[in-house]
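The structure appears below as structure tokens.
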Amino acid sequence: MSHSGTAGSWRLMIGARLRTARKAAGVTQARVAAVLELSQSTVTKIEKGQTTISADNLGKLVEFLGVDEATAAELRKFSEADAAERQRSRRPAGPLWFGDIPDLERRAREIRSWTGERLPGVLQSEQYMRALFQGRANVDDLVEARKDRQRLFDHEGIREFLLSESALDRVRATADPLMALDQVQHLLKCGELAGVAIRIVPYAADLYVAPDFTILRLDEGDRVYVEYQSGKLLLHKHKDVREHWDAWAVLDELALPVEESARLLAGIRDRLDAGLAGQA
């Protein structure tokens with residue numbers, strides 16, 4: 001069978017087949033949402049062709065629903081075509097040089113990232129991303145671009161993230177409780193990946209580091225990208241790189257160990273979970 005279409009039509013075909021398979025298996029959308037760790041509203045949008053489903057989640061769902069091999073192969077083909085169509089139509093957001101960052105991140109032997117008042121995109125859950133991009137016309141493309149950056153975890157290397165305790169408080173304050181719980185659980189899962197360390201810089205630390213920055217250790221030399229409220233910079237001069245390694249050393253001394261950071265995150269998760277249980 002041959003098909004042709006736009007990204008939207010591929011999503012419609014994927015959604016229709018997944019909805020048929022779910023009903024044939026006698027499974028609710030709520031159960032699918034739990035298996036994929038998504039909200040039920042996102043599952044509804046997937047089935048209506050209003051949003052994409054990642055290749056990983058498609059594979060999980062095909063297996064969970066017991067989809068026959070012919071339909072599974074067709075779904076994979078549709079998914080690949082959808083991704084290719086979106087890639088062709090996607091326009092980069094922000095400065096043109098930022099389009100190189102995902103490639104640099106994947107090639108980096110080491111990544112050292114500091115964020116003071118927010119969560120870095122590579123550690124955000126899909127639900128959290130969608131909330132951040134709410135109201136934008138190209139939400140699906142923005143989410144897919146950010147998830148594409150998260151493929152850096154597929155490559156070997158050291159990936160260390162230092163987050164301020166303030167950033168975690170902002171998650172709890174600005175996200176609804178379910179979304180906040182989803183994001184904290186996502187951070188805990190990321191912290192369990194090979195080569196990944198997530199450490200928290202507590203309020204008690206006497207600290208002032210203005211911009212967020214990420215150091216990338218590459219074969220051709222270290223690079224730093226710095227994120228200001230007004231824009232981003234990619235740095236490569238020795239003096240600039242050295243200054244950021246010095247700033248990292250200060251942060252490294254102040255950050256909690258990995259195990260203590262994980263306990264702090266688990267405590268936030270448990271309090272969110274208890275709060276939701278109390279509302280039920």
Side-chain angles (χ1 to χ4, degrees), residues 105 110-134 146 149-150 152-153 158-193 195-216 224-233 235 240-279:
E105 288 174 332
E110 298 179 21
I111 296 176
R112 315 280 181 174
S113 170
W114 154 251
T115 48
E117 296 295 327
R118 64 182 185 85
L119 296 180
V122 294
L123 293 181
Q124 292 171 6
S125 69
E126 182 170 344
Q127 286 190 48
Y128 191 76
M129 292 180 206
R130 291 191 176 280
L132 289 178
F133 295 137
Q134 190 172 12
R146 186 154 288 185
R149 285 185 66 196
Q150 293 179 342
L152 65 89
F153 295 123
I158 296 171
R159 282 83 174 93
E160 186 168 7
F161 301 89
L162 302 186
L163 314 176
S164 74
E165 193 171 357
S166 174
L168 300 179
D169 278 351
R170 284 179 178 272
V171 171
R172 288 185 289 181
T174 60
D176 68 68
L178 273 174
M179 189 185 307
L181 178 60
D182 176 71
Q183 177 59 64
V184 173
Q185 289 173 329
H186 185 73
L187 286 173
L188 285 164
K189 286 182 181 179
C190 288
E192 294 172 355
L193 296 173
V196 176
I198 297 176
R199 299 169 59 205
I200 310 302
V201 178
Y203 281 120
D206 185 11
L207 164 74
Y208 176 74
V209 178
D212 297 342
F213 66 87
T214 299
I215 303 172
L216 305 172
V224 178
Y225 68 86
V226 184
E227 301 186 52
Y228 299 90
Q229 189 171 0
S230 58
K232 304 176 178 69
L233 291 174
L235 308 173
D240 295 329
V241 172
R242 185 69 263 162
E243 286 178 354
H244 285 87
W245 272 116
D246 290 344
W248 178 267
V250 173
L251 291 161
D252 186 56
E253 286 288 327
L254 297 170
L256 300 174
V258 169
E259 297 79 5
E260 193 172 343
S261 297
R263 286 195 295 271
L264 189 153
L265 286 169
I268 295 173
R269 176 201 60 198
D270 294 344
R271 288 192 292 276
L272 287 167
D273 207 13
L276 287 167
Q279 296 173 15

Any side-chain heavy-atom pair of [X] and [Y] under 4.5 Å:
X      : Y      : value
Gln185 : Arg269 : yes
Glu243 : Phe213 : no
Leu168 : Leu187 : yes

Calculate, to the nearest 0.5 Å, the distance between atoms [atom1] and [atom2] belonging to [X] and [Y] respectively.
X      : Y      : atom1 : atom2 : result
Thr214 : Leu235 : OG1   : CG    : 11.5 Å
Asp246 : His244 : CG    : NE2   : 10.5 Å
Ile158 : Arg112 : CD1   : CZ    : 5.0 Å
Leu132 : Gln124 : CG    : CD    : 5.0 Å

For the student: nearest non-hydrogen atoms of [X] and [Y], plus distance:
X      : Y      : value
Phe133 : Arg146 : CZ-CZ, 3.6 Å
Trp248 : Trp114 : CZ3-N, 4.1 Å
Pro120 : Ser113 : CB-OG, 4.5 Å
Glu105 : Leu216 : CG-CD2, 4.2 Å
Gln150 : Gly121 : NE2-O, 3.2 Å
Ala167 : Glu117 : CB-C, 4.0 Å

Distance-only donor-acceptor hits, side chain of residues 260-267, under 3.5 Å, sequence neighbours excluded:
from: Ser261; atom 1: OG; to: Ile200; atom 2: N; distance (Å): 2.9
from: Ser261; atom 1: OG; to: Leu256; atom 2: O; distance (Å): 3.4
from: Ser261; atom 1: OG; to: Pro257; atom 2: O; distance (Å): 2.9

Exercise for review: Report the C-alpha separation of Glu110 and Ile215 in whole Å, then their side-chain angles, then the decisive distance to 0.1 Å, and conclude whether the side chain to side chain contact (heavy atoms under 4.5 Å, CB included) test is met.
Suggested key: CA-CA 8 Å; Glu110 298 179 21; Ile215 303 172; over 6 Å; no
Point to revise | Arg159 and its side-chain contact (heavy atoms from CB on, under 4.5 Å) partner, picked from Leu123, Val122, Val196 | key: Val196
Check your understanding: Which one of Leu254, Leu251, Thr115, Ile198 satisfies the side-chain contact (heavy atoms from CB on, under 4.5 Å) criterion with Leu162?
Key ->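 Single side-chain contact (heavy atoms from CB on, under 4.5 Å) partner of Leu162 among Leu254, Leu251, Thr115, Ile198: Leu251.
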Check your understanding: So, the side chain of Glu165 versus the backbone of Tyr203: is there a donor-acceptor pair under 3.5 Å, distance only?
Key ->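 Pair found, side chain donor or acceptor close to backbone of Tyr203.
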Check your understanding: Any sub-3.5 Å donor-acceptor pair from Gln183's side-chain atoms to Ser125's backbone N or O?
Key ->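 Yes.
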Practice item. Please report the C-alpha distance between Asp240 and Leu233 in whole Å, then the side-chain angles of each, then the deciding distance to 0.1 Å, and finally whether the side chain to side chain contact (heavy atoms under 4.5 Å, CB included) criterion is met. Key: CA-CA 11 Å; Asp240 295 329; Leu233 291 174; over 6 Å; no
